[in-house]
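Just so we're on the same page: letters track the sequence lines, and every chain starts at 1. Only a predicted model underlies this, so the values are computations on that prediction, with no experimental measurement involved. These values consider heavy atoms only, across backbone and side chains, with no hydrogens, waters or symmetry-generated copies.
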Amino acid sequence: MIAVKDVYFTYPNGVEALSGVSLAIRDGEFIAIMGQNGAGKTTLVKHINGLLKPTKGEVAVDGVSTRKVSVAKLSRKVGFVFQNPDHQLFCETVEDEVAFALRNFGFKEQLIKKRVTWALSLLNLTRYRQTSPFMLSGGERKRVALASVLAWNPDIVILDEPTIGQDYQQKEKLRQFIVQLNTQGKTVIIVTHDVEFVAECNPHVILMAQGKIVAEGGAKETLTNRDLVTQAFIVPPQVSQIFFELSDLKLPTNVIDVYDARKVLLDRLEVSS
Amino acid sequence: MAIIETTDLTYTYPAGTKLSLQDVSITVEQGEFVVLTGPSGGGKTTLCRCFNGLVPHFYGGKLEGNVVVTGLKVGEHSIYELARHIGLVFQNPENQLFALSVEKDVAFGLENLGIPRGDIRKQVDWALEITGITDLRERPPHELSGGQQQRVAIACVLAMQPNVMILDEPTSFIDPVGAQKIFDVINELNKKLGITVILVEHRLDLASKYANHVIVMDEGKVVLDGEPREVFNSDSARLIGVGIPKATRLYQILKEKGISLKKVPVNSEEASQLLREVLTHDRG
């Protein structure tokens, strides 16, 4: 359980990034935080693993205030994958990178080996085991960063822009993987601009603008609400745009996925023929 | 006129064990808006590095075959000569930005070319305005957010007004509305000034409406090369796992059920128009 209570945060340069955010995330929820650059999304999730502490208000993970626990201790519970993998990677080989946190947490070598093998194969990186992360492409480095966090099996997984640099197949794998994590009871929080990815994942959506939460709800409801998406500077999914342009034909407007779209269109054509 | 032409380009990085490019032969005409896409690790970024000479001059390794950009053989010209004609926006803006203020970073390339001070000022102002970062001009680039840094990186290249702009996932950290604005700017430069654009992009839903030429790479090879409609609707695009626009995908899955739209849509405007025809026709 993550409880964010009326949190304000001001960076040392005087910029107020969060202006009164309250939020409760239950165990096992799948959340997507969306909004414009500078809306406060990354600042908010950095509060959950304690990297940032509120200027005012409180963040508690499982009932413990993030002020009262070290980031090192909290990170055992909260895994965080950064937006830019180069902020996170530093080891000589992909294998060492993925094993790094496990060694820090004091896992046994035998278990480390197993976990590393598991995480690498999960993210399609096995062939790069002995390669330097810096020899890999941008998309591959992002996956190494993911593997290194998933390897220690945290209860809460925060992914800041997980789909950056990922091609369609990797995104599809990532989607299946997130769904799998979620069905195992893990809390998954993604920060993303990728509306098409959200449309396919169907998480609970939180829209942020100017340091505040402006709306939350199901992906279908929030991403097809024209006023909300405009306010949060989001381009609606392409399918939703198509249905918006056809709104005078009295078709349903809460459609974000191609298969839903097909069903709606087939129904309409059958009725009218 | 071809502005970029590669013939049988084959390349391996110095420490690499596999070919990063294999027999790549493509032609880009002057004024085209090219979208370069395909699975990650497929050679897109490496190919872009061949266009401005980073491969092989900076990265080393052995480059076989030929690349000619704006009439210059890349192998025979240095990076700084090529930089007058061809600008590259890096995938990771942090690899590109280094000055202590945004303004200085954007001016750097122009200063290196020995352009008069007044003109530098004008071009920097223009580039900052068009990318929407005028208010950041005094800020240190390394303190900015990922999205803001990407705008700075684009401004740096824009300010040089190159003949060819290569953008390697230039908006990956930027929100969709911001990304669309940047794409609109790039499109305007392409249409008004005739700057040839090569855009590396996975998010085809956003980018495809601007393109008139799509190249798909996989495992170092060019696997598809042609007009967007043909490329997106081809079977191999789906098999390789290209994230084709949802409008095109909808066309395909409707066809499976016996509903044929008159042509293949690549964006929402086209799709809604084609659907409208089918829906209103059947009703009448």
Side-chain angles (χ1 to χ4, degrees), chain A residues 13 34-39 42 83-87 131-132 135-140 142-143 161 163-172 193-196 199 229-230 232-246 248-249 251 257-259 261-262 265-266 268-269 272-273, chain B residues 13 15-17 37-46 91-92 94-95 143 145-148 168-169 171-180 202-206 240-247 249-250 252-254 256-257 259 265 267-269 271-273 275-276 278-280 282-283:
Chain A
N13 64 8
M34 307 187 78
Q36 195 185 9
N37 286 125
T42 300
Q83 188 178 62
N84 188 339
D86 296 345
H87 292 175
T131 310
S132 159
M135 288 297 298
L136 302 179
S137 77
E140 287 163 346
K142 186 86 194 177
R143 296 214 301 280
E161 293 289 357
T163 64
I164 284 183
Q166 300 305 314
D167 59 62
Y168 188 72
Q169 274 179 337
Q170 298 300 342
K171 267 195 209 178
E172 178 52 25
H193 292 312
D194 194 333
V195 276
E196 300 297 342
V229 294
T230 310
F233 285 85
I234 284 169
V235 176
Q238 196 161 62
V239 169
S240 142
Q241 287 177 51
I242 295 171
F243 277 76
F244 181 73
E245 282 154 27
L246 295 173
D248 58 304
L249 298 180
L251 290 162
D257 170 88
V258 281
Y259 289 97
R262 177 170 73 177
L265 291 167
L266 285 174
R268 167 59 69 94
L269 288 169
S272 58
S273 61
Chain B
Y13 283 100
T17 48
T37 190
S40 58
K44 302 184 296 295
T45 298
T46 306
Q91 192 174 42
N92 187 344
E94 290 185 355
N95 293 346
E143 286 180 10
S145 75
Q148 289 169 327
D168 193 353
E169 295 192 53
T171 65
S172 52
F173 296 139
I174 302 178
D175 57 81
V177 172
Q180 208 155 55
H202 291 301
R203 298 188 293 181
L204 300 177
D205 292 294
L206 283 178
I240 301 161
V242 174
I244 60 171
K246 290 291 182 296
R249 186 69 192 128
L250 184 59
Q252 292 174 338
I253 64 169
L254 282 172
E256 285 168 14
K257 296 278 178 187
I259 297 171
N267 57 47
S268 61
E269 289 85 3
S272 57
Q273 207 184 330
L275 283 168
R276 183 179 294 277
V278 172
L279 290 164
T280 48
D282 272 43
R283 250 197 215 164

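Neither the backbone nor the side chain of B:Glu143 comes within contact range of chain A, judged by heavy atoms closer than 4.5 Å. The contact between B:Ile240 and chain A is made entirely by backbone atoms, counting heavy-atom distances below 4.5 Å. Residue B:Asn92 touches chain A through its side chain alone, counting heavy-atom pairs closer than 4.5 Å. With a threshold of 4.5 angstrom between heavy atoms, B:Ile259 approaches chain A through side-chain atoms but not through N, CA, C or O. Heavy atoms closer than 4.5 Å to chain A are found in the side chain of B:Glu94, but not in its backbone. At a 4.5 Å heavy-atom cutoff, the contact between B:Ser172 and chain A is made by backbone and side-chain atoms alike.
When all heavy atoms of A:Met135 and B:Ala15 are compared, the closest pair comes out as CE-CB, 4.1 Å. Counting all heavy atoms, side chain and backbone alike, B:Gly38 lies closest to A:Asp167 at O-CB, 4.1 Å. Across all non-hydrogen atoms, the minimal contact from B:Ile253 to A:Arg262 is O-NH1, 2.9 Å. The two atoms that bring B:Ser268 and A:Gln241 nearest to each other are OG-OE1, 3.3 Å, heavy atoms only. For the pair A:Glu245 and B:Ser272, the tightest heavy-atom approach, listed with the atom from each and the gap, is OE1-OG, 2.5 Å.
In terms of heavy-atom pairs under 4.5 angstrom with chain A, the leader among B:Arg276, B:Glu169, B:Gln148 is B:Arg276. Among the candidates A:Glu161, A:Lys171, A:Gln83, the residue making the largest number of heavy-atom pairs closer than 4.5 Å to chain B is A:Gln83.
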*Could you walk me through whether B:Ser40 and A:Lys142 pass side-chain contact (heavy atoms from CB on, under 4.5 Å), step by step?*
CA-CA 11 Å; B:Ser40 58; A:Lys142 186 86 194 177; over 6 Å; no
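Here the side chains of A:His193 and B:Ile174 are not in contact, with every heavy-atom distance at 4.5 Å or above. Two residues are said to be in side-chain contact when any heavy atoms from C-beta on lie closer than 4.5 Å; B:Pro245 and A:Gln238 meet this criterion. No side-chain heavy atom of A:Phe233 sits under 4.5 Å from any side-chain heavy atom of B:Gln180. For the pair B:Leu279/A:Leu251, a side-chain contact is recorded, criterion being any heavy-atom separation below 4.5 Å from C-beta on.
Panel note: side chain B:Asp175, backbone A:Asn37; a donor-acceptor pair is recorded below 3.5 Å. Side-chain atoms of B:Arg249 do not come within 3.5 Å of backbone N or O of A:Val258 as any donor-acceptor pair.
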